[in-house]
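Structure first, then comments.
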Protein chains: 4
Amino acid sequence: MKIGILTSGGDCPGLNAVIRGAVLKGGRAYDSEFVGIRNGWRGLVQGEFMKLDRHSVRGLSRQGGTILGSSRTNPYEGENAGPENIQKTMDAEGIDAVIAIGGEGTLTAARRLTDAGLKIVGVPKTIDNDLAATDYSFGFNTAVEIATEAIDRLRTTADSHGRCMIVEVMGRHVGWIALHSGMAGGAHAILVPEQPQTIEQICEWVESVRDRGRAPVLVVSEGFLLAEMGEAHSHKGLDAFNRPRLGGISELIAPMVEERTGIESRATVLGHTQRGGAPSAYDRVLATRLGMAAVDAVFDEKWGSMVALKGTDIHTVSIADATMDLNRVTQARYDEAAVLFG
Amino acid sequence: MKIGILTSGGDCPGLNAVIRGAVLKGGRAYDSEFVGIRNGWRGLVQGEFMKLDRHSVRGLSRQGGTILGSSRTNPYEGENAGPENIQKTMDAEGIDAVIAIGGEGTLTAARRLTDAGLKIVGVPKTIDNDLAATDYSFGFNTAVEIATEAIDRLRTTADSHGRCMIVEVMGRHVGWIALHSGMAGGAHAILVPEQPQTIEQICEWVESVRDRGRAPVLVVSEGFLLAEMGEAHSHKGLDAFNRPRLGGISELIAPMVEERTGIESRATVLGHTQRGGAPSAYDRVLATRLGMAAVDAVFDEKWGSMVALKGTDIHTVSIADATMDLNRVTQARYDEAAVLFG
Amino acid sequence: MKIGILTSGGDCPGLNAVIRGAVLKGGRAYDSEFVGIRNGWRGLVQGEFMKLDRHSVRGLSRQGGTILGSSRTNPYEGENAGPENIQKTMDAEGIDAVIAIGGEGTLTAARRLTDAGLKIVGVPKTIDNDLAATDYSFGFNTAVEIATEAIDRLRTTADSHGRCMIVEVMGRHVGWIALHSGMAGGAHAILVPEQPQTIEQICEWVESVRDRGRAPVLVVSEGFLLAEMGEAHSHKGLDAFNRPRLGGISELIAPMVEERTGIESRATVLGHTQRGGAPSAYDRVLATRLGMAAVDAVFDEKWGSMVALKGTDIHTVSIADATMDLNRVTQARYDEAAVLFG
Amino acid sequence: MKIGILTSGGDCPGLNAVIRGAVLKGGRAYDSEFVGIRNGWRGLVQGEFMKLDRHSVRGLSRQGGTILGSSRTNPYEGENAGPENIQKTMDAEGIDAVIAIGGEGTLTAARRLTDAGLKIVGVPKTIDNDLAATDYSFGFNTAVEIATEAIDRLRTTADSHGRCMIVEVMGRHVGWIALHSGMAGGAHAILVPEQPQTIEQICEWVESVRDRGRAPVLVVSEGFLLAEMGEAHSHKGLDAFNRPRLGGISELIAPMVEERTGIESRATVLGHTQRGGAPSAYDRVLATRLGMAAVDAVFDEKWGSMVALKGTDIHTVSIADATMDLNRVTQARYDEAAVLFG
């Protein structure tokens, strides 16, 4: 059995650990061979491959990024795309099955291709933790640790200056990074896409903190929406001066908070630092286990399924089921955290 | 409602976060008061209390240790001990219920006291993650991250000198810290209490790594036993020269490996650095949630129960059930990791 | 002797360590008392003081921020300002001398006040390391470590996507943080205020890196100027679309690089995370020593002088001399680093 | 010009950064070639070489260990040893000059070989910072940061249990790591080889801390000597029970402190974690600059000299001068720190 592996979509700490886990497990438990598919689906469409043996994965559990490269190419678009062409490319390279590591788009494409007869299993990759079928996805823990360390640092500056700090973390559609880093960092409010809030409510929290003699620290997901503004304004969006906004939502909110409360307010957009670099030990273990389980899924011929964490175990679930729902911050989890607001 | 909180047993990152979570939740959701019980059960027996209000818990989510102090006092031993005396002390201080944060011994004592009519709920604390009723306990994640960072550092020295490094981590009865940090750090063998191994097997792994041109890195739990030696020798025990051994199991194994394989071998005992200091974001979130849930359990009058993580949710379980079994490394989890050995 | 201490200007890791070093040294070596002056010069002008004894400084060496608070108040402006009023306030509080911890503005104000007869010694505080009289100032080392860690993380994402990453670090007038973090992080170009460059030169470096098959990582000081643009455009300034620019210089350069080279380019502004939080061990030692030496300077009656690091020793220098020149990145140090560009 | 590079002696964070700095500077500024000499002097004596070009040093600034390997081989001992044989081996490989990175022994050997006509320049490597000719050596800063983080962690456990923690750091002959990490970590006593102390004095410090209601934290260099014991006992040495001692000096002192003061006392030997792994940004910059300057020294034909940090500049000094004196903790630096003891 010769298995191809590809990584697709944005960077995520643990990609290399998945690759290493798969290659070592496959080589030792199944005597299988591997081939690296370069730059996501593009490599599978255009036939870009690289050697991927035991030696290639040495030391990869702790190395950020992906040695295979990534892209956002759609396997259904462009020359040589589509299931039939891809099957030909696989046959030419002698690839029996593919492990596709990627987010919702990648997994959905993988499912469509397996529906057309290709032999693919998926490994979910989402830094935002927005896939409902897995308790946690690799990379999320690292992102939360990085964001929390930043919040810890920004807090001392807030305290020294009696200033309000608004920290913007990743999370386009779901607020898990904000929820966890905000709880860990002792934030005075956590603003998530699932729970639009008015600027009045936000300012109320800020003033309540100030009135207790403390410096407010707010954590906000990039995808948070102000309740009173249309999506055009707050999301992707117009800025406070009705110009096309370049910055993040925190850069919209900070001057509004400052103007209404009189408290000097600063926005910090953490950005890409949250999704690069060495994975935490948690993510290395999770990613390694997912990579190993993906090889098991290949030998179990579970085409169209993906591996997922449930409790402390790795299971397989159908991609079709797994991608039906976003893993949103539940009302219960939000209420739990909201006890600490203000 | 006035709730007393105590922390008992060894240090564990997240103790202060549990305390903070409970005090903030109790104050805001239930309008309850809190009182700190000093130095574990000793404070409850001897009536040592401290103020514990919102101000006392400021900034505690990220602070290691416990502001309440800890001890290993047994609530059934010594003057003023036992349920009747303790109930009197509680009454005198106006304490309606107690949240006891501690390991198996603490929880078992808590259960006995609740059997005698005291109002106590437990929060499990075990750095080793050895309680079966919770997926993970707070502190464990931090310990694994610290151990993994140490393994990463020791590896470069192993590689530079072509040397075998044997890293001893915590884990008296169960091997979870070794299993996770070993997987994360890319160890060539992981030696856990649940799986005694012969020195021959260990040397085989070491030589196999050396033969591939690499420097072997082994991770061993403090409670690991060599298969061919009695507990007297390997556990707590005699050293390689049949003298009462002062050091850890790694210091026993390293000279044996060096003698048999000819590979220079060094032991490093990580020790207490694994159980102190600031908790990881993961542990801050878990500990905060457990503290909050413990207050809910108090208001639900779930005396004799403890809070526990199952998947992504916090539940309550009976302490009697929770302490029946050790959370041992399963054969499946060991086999999963063992694919990477050698 | 009763000594007042104030911290002025922006946050800087090590402020608390200076305070602790001074209080412990003064108490033990000179049996002197201390009083905390709140919020920089404002506290001295308006008479806001706080207790500052041994107990107040417990654990402060590793704590970010300043327990005294800070402000940017000018001691010559507003009611009760100016040397005579300040002397009266000092007399009323029984303060014999003041240790003023701050940047160039603070130190210059301190010098003016000492010229008018007040007893003040300074401790230089500049995260940018822009004071020529000291080899390094506390906080700088921490900022460089934080920036370097961010560069390490961003690099893996650059590599995974074949993308150009432009990392903006602090440094308004001098490029030391960029120079050191850029060298440490293996940047392919370092853009500093002392060395304006054309966009053509920058793109040349970027393309040269790409042509070697690597992903370019650039580090840029916030105060860097493009050679071909007037200050209006590049500094504080207009954006690429001739609108008032809100973001940093990196956000100006990234789209220009992308447009000219065709390489996807992303800007990351590290911002305030660089100047808050726990100081590195290096900065704790330096800050502690500076605080101690400031007390010696008080007892040596070196009014109008500040403490400074030269080699491995702490000296005192006249503030008048110390603030004459900015500590700019020298041509030699720039050329040394530039060997690695492209 | 073809330059050989070797790394000799114990591991030290920054070795790879020196190699990278030299190779990139040599290639770009002088168009010189490089060859890697494997495993210290052994590779030069036995003719073990490896390719060392631009590609080989990619990403090395942040990678711990040495890609060249290391050993403690003496270039004057064994077959093919000595200057004449080595010159022949260099000639056969076409090596014009050698950059030798190592500690006092390595540098002394390099000097002897240059006296015999070989073309060698040195780069000082000492984690202990024990070479007087350089303000700091690379690796020292990283060791201090790691030791300080460990002290921070151990402190919370000391506080939680009211326990005395004795942390043993590296430093065989000089106490710099103890002095700096002890100051940074807020230790209550710092025990260094340069200043033997009686157990009475140590216990006095411990009791004084306890009497103030705090938990004592002591930092001790591995080479510290108790004043009342002969070197045989305390150094390498007999243990408290007059048996050959296996553990470190901290493991000797802890039970003595506990017995005399009644305070539960625990020793932690940090060990090899201090000398492996990724270098701090400080050490990356210093090591890169030293590597670059070593190439300059080669082209300046400064045989028998080594590069060294003085203030903020890199100089060359004669190895003969540089190795005459140990860089001991001075009385002034010790007294400065001792103000904080007890």
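Each chain gets a letter, A, B and so on, in the order its sequence line appears, and its residues count up from 1.
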Distance (rounded to the nearest 0.5 Å) between C:D159 CG and A:I67 CD1: 12.0 Å

Correct closest heavy-atom pair for C:S160 and A:G65 would be OG-CA, 3.1 Å

Are any of the side-chain heavy atoms of A:R163 and C:D11 separated by less than 4.5 Å? no

When rounded to the nearest 0.5 Å, the distance separating NE2 of C:H272 from CG of A:L154 is 8.0 Å

I'd like to know which of C:C12, C:P13, C:G277, C:G40 tops the heavy-atom pair count under 4.5 Å against chain A. C:G277

Please flag which part of C:R266 lies under 4.5 Å from any non-hydrogen atom of chain A: side chain, backbone, both or neither. side chain

Residue from A:G271, A:A278, A:A267 scoring the most non-hydrogen pairs under 4.5 Å with chain C is A:A278

Nearest 0.5 Å, what's the OG1-CD1 distance between C:T273 and A:I151? 11.5 Å

Chain C contact via A:V269 - side chain, backbone, both or neither, heavy atoms under 4.5 Å: backbone

Strictly distance-based, threshold 3.5 Å: is any side-chain N or O of A:T156 a donor or acceptor partner for the main-chain N or O of C:G276? no

Counting only non-hydrogen atoms closer than 4.5 Å, does A:I146 touch chain C with its backbone (N, CA, C, O), its side chain (CB onward), both, or neither? side chain

The reported gap from CZ in C:R153 to CZ in A:R275 (rounded to nearest 0.5 angstrom) is 13.0 Å

For residues A:G9 and C:H161, report the shortest heavy-atom separation together with the two atoms involved. O-CE1, 3.1 Å

Can you tell which part of C:E149 gets under 4.5 Å to a heavy atom of chain A, answering side chain, backbone, both or neither? side chain

